[in-house]
Amino acid sequence: AMLRLRLLTWDVKDTLLRLRQPVGESYAAEAQAHGVQAQPEALSRSFQEAYGAQSRRFPNYGRGQGLSSQQWWVDVVKQTFRLSGVHEDGVLTLIAEKLYRDFCSAHNWEVLPGAGETLSLCCQRGFRMGVVSNFDNRLENILSQCNLRHHFEFVLTSEDVGFAKPDRRIFEKALRLSGVLPEQAAHVGDSYTRDYRAAQAVGMHSFLLRAARQGEEPEVPPEHVLPTLSHLLALIEK
């Protein structure tokens, strides 16, 4: 039977938008513009380490601990370079602040194949739409720059809401905002834990975008798996 859905909520990173190039390449290019040499591969590895440590120490962009997300990110960028052997603090601050601004635009983000068309079709079919993303408060602007913002009634980021997926409260806020029951809503995302399972835990339907990335993840019924976003409407209307 066709799902009687009224609301679709969407993850963003690696669901609707992806980085145009690896983080290390963006960081290396910006460093070079400031006369600083660093290897992209080393920066990518250092970024994973710095981002992981900062996330553990100050979860959700330090929102509960008095940090601004801009300061949180500036610290991550500076630590990334330090771990790669670059220590000139003055120039690192300039590089970090410039990168913070650059990652707020379509300059570093691109729309995934099929995303724009799928969102348009979902709006045409009369679904209400919202974003539920573990992102900082730059997201509204990024979505606007990438020409996707107009598809959505609301954009909920973990920084704004104060809770990050898989916390059920960010999904509950989306349901409250739209006045829709969980069983009338579905979430679309690429993370088994943060998107697929987390939405199911509040009673929503759930679709997992999974581009041939099988492996250690638990089994997901095939009718919940999207090889690409273009498969979504067929699954909903089956």
Side-chain angles (χ1 to χ4, degrees), residues 1-17 60-61 63 111-112 114-144 146-210 217-238:
M2 186 169 144
L3 294 178
R4 296 270 175 249
L5 297 177
R6 295 174 59 201
L7 171 72
L8 296 177
T9 61
W10 298 80
D11 172 55
V12 174
K13 187 174 184 291
D14 297 325
T15 298
L16 298 174
L17 297 178
N60 196 16
Y61 311 105
R63 173 148 183 313
V111 179
L112 263 86
E117 298 85 334
T118 299
L119 292 172
S120 293
L121 286 169
C122 288
C123 287
Q124 281 167 32
R125 294 288 206 295
F127 292 111
R128 299 175 60 187
M129 309 261 279
V131 162
V132 176
S133 171
N134 287 356
F135 218 101
D136 63 73
N137 57 21
R138 289 175 293 180
L139 186 57
E140 290 258 9
N141 200 35
I142 293 168
L143 289 168
S144 296
C146 295
N147 197 28
L148 296 181
R149 176 64 185 88
H150 63 280
H151 295 298
F152 303 108
E153 272 180 45
F154 59 84
V155 172
L156 292 184
T157 65
S158 59
E159 182 184 7
D160 286 335
V161 178
F163 309 110
K165 299 180 296 187
D167 192 307
R168 62 186 296 130
R169 287 171 288 188
I170 191 167
F171 291 100
E172 287 168 349
K173 173 137 196 200
L175 294 167
R176 264 202 319 280
L177 269 179
S178 46
V180 167
L181 296 167
E183 59 270 24
Q184 300 173 314
H187 181 67
V188 183
D190 70 308
S191 164
Y192 176 80
T193 309
R194 290 186 303 276
D195 293 309
Y196 181 73
R197 286 293 305 129
Q200 286 191 333
V202 299
M204 292 171 67
H205 297 274
S206 214
F207 296 100
L208 182 63
L209 181 64
R210 198 194 231 174
E217 284 179 352
E219 265 313 291
V220 175
E223 63 271 21
H224 296 171
V225 176
L226 304 174
T228 74
L229 287 178
S230 305
H231 290 71
L232 178 66
L233 280 166
L235 283 184
I236 290 177
E237 293 172 351
K238 205 156 142 175

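Side chains included, hydrogens not; waters and symmetry mates left out as well; all remaining heavy atoms used.
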Would you say [X] and [Y] make side-chain contact, with heavy atoms under 4.5 Å?
X: S178; Y: F154; answer: yes
X: L209; Y: L232; answer: no
X: T9; Y: M204; answer: yes
X: W10; Y: L229; answer: yes
X: L119; Y: L16; answer: yes
X: F135; Y: V155; answer: no
X: T118; Y: V188; answer: no

Under a 3.5 Å distance rule, please check whether S206 uses its side chain to pair with a backbone N or O of Y196 as donor and acceptor. yes
Would V12 and I142 count as a side-chain contact (heavy atoms from CB on, under 4.5 Å) if you check the C-alpha gap in whole Å, the side-chain angles of each, and the deciding distance to 0.1 Å?
-> CA-CA 10 Å; V12 174; I142 293 168; over 6 Å; no
- After noting the C-alpha distance and the side-chain angles of T15 and L112, does the key distance pass the side-chain contact (heavy atoms from CB on, under 4.5 Å) rule? CA-CA 7 Å; T15 298; L112 263 86; over 6 Å; no
From [X] atom [atom1] to [Y] atom [atom2], the distance as rounded to the nearest 0.5 Å:
X: F127; Y: L121; atom1: CZ; atom2: CG; result: 10.5 Å
X: N60; Y: E159; atom1: CG; atom2: CD; result: 7.0 Å
X: M129; Y: H151; atom1: CE; atom2: NE2; result: 7.0 Å
X: H231; Y: F207; atom1: NE2; atom2: CZ; result: 13.0 Å
X: F163; Y: R63; atom1: CZ; atom2: CZ; result: 8.0 Å
X: K165; Y: R197; atom1: NZ; atom2: CZ; result: 15.0 Å

Might you work through the side-chain contact (heavy atoms from CB on, under 4.5 Å) test for V131 and T157, ending with a clear yes or no?
-> CA-CA 8 Å; V131 162; T157 65; over 6 Å; no
Do the charged groups of R194 and D11 touch, with an N to O distance under 4.0 Å?
-> no
Can you give me the closest heavy-atom contact between [X] and [Y], atom names plus distance?
X: A186; Y: L5; answer: CB-CD1, 3.7 Å
X: S230; Y: G114; answer: OG-CA, 3.9 Å
X: L156; Y: A174; answer: CD1-N, 3.5 Å
X: E153; Y: R149; answer: O-NH2, 4.1 Å
X: S133; Y: I170; answer: O-CD1, 4.3 Å
X: Q184; Y: V180; answer: CB-CG1, 3.5 Å

Give the intermediate values and the outcome of side-chain contact (heavy atoms from CB on, under 4.5 Å) for residues L148 and L17. CA-CA 10 Å; L148 296 181; L17 297 178; 3.8 Å; yes
